[in-house]
Protein chains: 2
Amino acid sequence: MSPVAEISILPTKARRATLTAAQAVAAPIDIEVLSKYVNVVQRKLTAGQYLYRAGQPFNALYLVNVGFLKTCLVAEDGREQVTGFRMRGDLVGIESIGAATHECDVVALETSGVWELPYPAILRACAQMPELQERLTWALAAEIRSDRSWKLALNSLSAEQRVAAFLLDLASRHEALGFSPRHFVLRMGRADIGSFLALKHETVTRALTRLAGQGCIDVQWREIRILDMAALDGVIHCEDKAA
Amino acid sequence: MSPVAEISILPTKARRATLTAAQAVAAPIDIEVLSKYVNVVQRKLTAGQYLYRAGQPFNALYLVNVGFLKTCLVAEDGREQVTGFRMRGDLVGIESIGAATHECDVVALETSGVWELPYPAILRACAQMPELQERLTWALAAEIRSDRSWKLALNSLSAEQRVAAFLLDLASRHEALGFSPRHFVLRMGRADIGSFLALKHETVTRALTRLAGQGCIDVQWREIRILDMAALDGVIHCEDKAA
DNA sequence: ACAACATGTAACAGTGTGTAACAGCCGAGC
DNA sequence: GCTCGGCTGTTACACACTGTTACATGTTGT
């Protein structure tokens with residue numbers, strides 16, 4: 001695993017590569033430099049634990065060190081929506097800036113470690129380090145672009161294509177962290193994938209089964225092996241159907 | 001219409017009221033104050049004209065003065081996605097911050113006027129006015145929250161409910177500008193609404209027809225009259241069906 | 001062993017889609 | 001003036017995909 005000092009404060013730069021073309025490339029910010037300005041507290045979470053819940057006061061950002069988390073938006077009537085998954089290097093909580101309280105739950109999907117960055121301290125640090133302010137702003141804008149790219153994908157792709165796009169997204173994020181893009185483990189359940197992709201868990205299962213049947217991937221429980229990256233990409237962009 | 005000086009630099013504060021509960025309330029920033037720091041250029045657009053197109057270099061933000069615009073994300077393969085609609089007081093282009101070029105098209109749906117705010121000048125102004133930087137950051141975060149709230153809505157509501165939510169959203173935005181929330185004109189076509197709501201234009205038509213049949217609204221071409229606001233809201237939250 | 005949970009499979013139903021035809025509006029052109 | 005063609009919106013109908021329901025299997029924790 002890459003050393004702590006190399007972690008970018010930006011949400012995975014390469015993440016959107018599979019969805020959008022151009023993407024700003026930013027130099028990583030050293031967390032050790034940041035810790036000279038901000039009192040960085042480490043927090044550890046076990047699977048199922050909440051980093052924070054909707055309604056709790058917003059007073060810190062979090063930078064994921066290790067592990068895997070999901071962010072969930074919950075409506076008053078109980079409807080639930082997974083809005084994203086966060087892994088090493090991702091910033092958590094930036095969407096709550098300017099709000100008094102958090103709007104979503106953040107749950108660890110496996111044992112995870114995050115750095116807690118008190119927001120008032122971050123604000124002070126931003127005043128001293130214009131680059132930090134800039135990176136934070138960039139991270140917010142990139143988050144908007146990412147969300148919109150996914151919206152385009154979800155609204156125009158079939159269930160199978162969405163799942164393929166999801167796997168490719170995960171693959172590129174793993175690769176950006178120095179892991180193999182062709183072999184990884186899904187830390188979330190089918191239902192969570194479905195919520196994020198606007199599908200039911202049975203449909204996710206069906207899509208995975210079909211993709212495996214086409215020889216694109218190999219699925220063993222939550223363990224994914226991408227056998228044919230190009231074919232998987234082709235599922236999204238080509239109309240194999242009678243087009 | 002309210003004087004120029006009262007325009008908020010934040011995207012309509014009340015916009016998300018129909019979707020999310022808590023929302024930061026910000027004091028408006030005076031565009032006249034801003035014009036002392038930034039060389040504000042006025043731009044006029046007629047219906048169908050582009051404010052900017054995907055691929056063009058990003059070098060300015062825009063604040064809508066009058067009119068109505070849509071933002072469209074276009075994939076390489078031609079798939080198109082309306083990501084939002086912008087009206088008086090809304091900021092346009094903030095999602096491109098940190099990127100070299102814009103990712104989406106912005107099209108005027110009627111004769112519109114915007115203030116062009118050159119980004120380098122905005123950056124300099126932010127250095128002098130911390131509140132401006134703060135408001136910009138808040139606007140970005142609020143945009144993320146808005147997008148996610150819509151994602152929750154689109155993924156959990158039926159076609160009819162989505163259209164109802166869309167109308168209520170427009171109503172509250174009109175109200176925030178001092179217009180009647182119960183009587184307004186849709187500046188966009190059914191296809192644009194459909195794209196935004198992840199529906200086809202025929203489905204939008206059907207939903208409007210059914211809502212009108214229930215007595216919630218009156219539809220005359222693009223002219224909408226909300227007859228029963230509570231009933232319209234009930235369509236979203238209640239299960240009229242056999243639940 | 002048992003309950004609780006996640007996943008896989010299958011049959012069926014339903015919502016929204018795709019196609020098509022038609023009506024109304026508008027601008028271009030004669 | 002007039003018609004024509006294009007665009008938008010409406011409605012109808014058959015179909016496909018996904019959602020729903022149900023059940024079987026496998027895993028985990030008590």
Side-chain angles (χ1 to χ4, degrees), chain A residues 46-48 68 70 79-82 107 109-111 153-166 185-213 217-224 235 239-243, chain B residues 46-48 70 79-82 107 109-110 153-167 185-213 217-224 235-236 239-243:
Chain A
T46 59
F68 207 89
K70 68 171 175 180
R79 287 176 290 129
E80 197 174 323
Q81 174 67 53
V82 173
V107 193
L109 294 174
E110 61 175 351
T111 303
L154 299 191
N155 291 359
S156 61
L157 300 180
S158 69
E160 199 174 322
Q161 292 174 311
R162 290 181 217 178
V163 173
F166 180 72
V185 175
L186 298 175
R187 268 75 164 212
M188 75 296 287
R190 302 286 192 266
D192 284 335
I193 300 175
S195 176
F196 181 73
L197 295 177
L199 299 169
K200 296 302 164 194
H201 66 92
E202 295 92 334
T203 308
V204 175
T205 292
R206 273 197 291 252
L208 286 173
T209 304
R210 267 179 301 176
L211 288 173
I217 59 173
D218 180 65
V219 183
Q220 296 296 328
W221 192 244
R222 294 188 176 184
E223 190 178 348
I224 301 289
V235 169
E239 326 294 328
D240 338 46
K241 342 268 178 178
Chain B
T46 58
K70 68 171 176 180
R79 287 176 291 128
E80 200 176 320
Q81 174 68 52
V82 173
V107 192
L109 293 175
E110 63 174 351
L154 299 191
N155 290 358
S156 61
L157 301 181
S158 70
E160 198 173 323
Q161 291 174 311
R162 291 182 216 177
V163 173
F166 180 72
L167 293 178
V185 176
L186 298 174
R187 268 75 164 213
M188 75 297 286
R190 303 287 194 264
D192 284 335
I193 301 176
S195 176
F196 181 73
L197 295 178
L199 299 169
K200 296 304 163 195
H201 65 95
E202 298 94 329
T203 309
V204 175
T205 291
R206 273 193 294 262
L208 285 173
T209 304
R210 265 178 302 177
L211 288 173
I217 59 172
D218 180 63
V219 184
Q220 295 295 329
W221 192 244
R222 293 189 178 184
E223 191 178 348
I224 301 289
V235 169
I236 302 175
E239 325 295 329
D240 337 46
K241 342 268 180 178

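Quick note on labels: first sequence line is chain A, next is B, and so on, each numbered from 1. Small disclaimer: the values here were computed from a predicted structure and weren't measured.
Across D:dA22, D:dG9, C:dT19, the shortest atom-to-atom separation from the side chain of A:Glu202 is found for D:dA22. With distances taken from any side-chain atom of A:Arg206 to the nucleotides D:dT10, C:dG16, D:dG19, the minimum falls on D:dG19.
With hydrogens and angles disregarded, no donor-acceptor distance shorter than 3.5 Å links the side chain of B:Arg79 to the backbone of A:Leu157.
One finds the CD atom of B:Glu160 at 10.5 Å from the CD1 atom of B:Ile236 (value rounded to the nearest 0.5 Å).
Rounded to whole Å, atom P of C:dA11 lies 22 Å from atom NZ of A:Lys200. The separation between B:Glu223 atom CD and D:dT8 atom P is 20 Å, rounded to whole Å. Counting to the nearest Å, the P atom of C:dT17 and the CD atom of B:Glu160 are 14 Å from each other. One atom, CG of A:Leu109, and another, P of C:dA6, lie 12 Å apart when rounded to the nearest Å. Taking atom CG on A:Leu157 and atom C1' on D:dC17, their separation rounds to 14 Å, with Å as the unit. The interatomic distance linking A:Trp221 (CH2) with C:dT7 (C1') rounds to 5 Å, in whole Å. D:dT11 atom C1' lies 12 Å from atom NE2 of B:His201, rounded to whole Å. The interatomic distance linking A:Arg190 (CZ) with C:dT7 (P) rounds to 5 Å, in whole Å.
Taking only side-chain nitrogens and oxygens, A:Thr203 comes nearer than 4.0 Å to OP1 or OP2 of D:dG19. Remark: B:Arg222 is in phosphate contact with D:dG9, judged by side-chain N or O atoms under 4.0 Å from OP1 or OP2. Of the side-chain N and O atoms in A:Thr209, one or more sit less than 4.0 angstrom from OP1 or OP2 of C:dT9.
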message: Let's go through A:Leu197 and A:Thr203 carefully: what are the C-alpha distance in whole Å and the side-chain angles of both, what is the deciding distance for side chain to side chain contact (heavy atoms under 4.5 Å, CB included) to 0.1 Å, and is it a yes or a no?
response: CA-CA 10 Å; A:Leu197 295 177; A:Thr203 308; over 6 Å; no
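Heavy-atom distances to DNA chain D give each of B:Val204 and A:Ala198 a nearest nucleotide, and the one nearer the 5′ end belongs to B:Val204.
Among B:Val107, B:Val82, B:Leu109, the one residue that satisfies the side chain to side chain contact (heavy atoms under 4.5 Å, CB included) test with B:Met188 is B:Leu109.
Between A:Leu154 and B:Leu154, every side-chain heavy-atom pair lies at or beyond the 4.5 Å cut-off.
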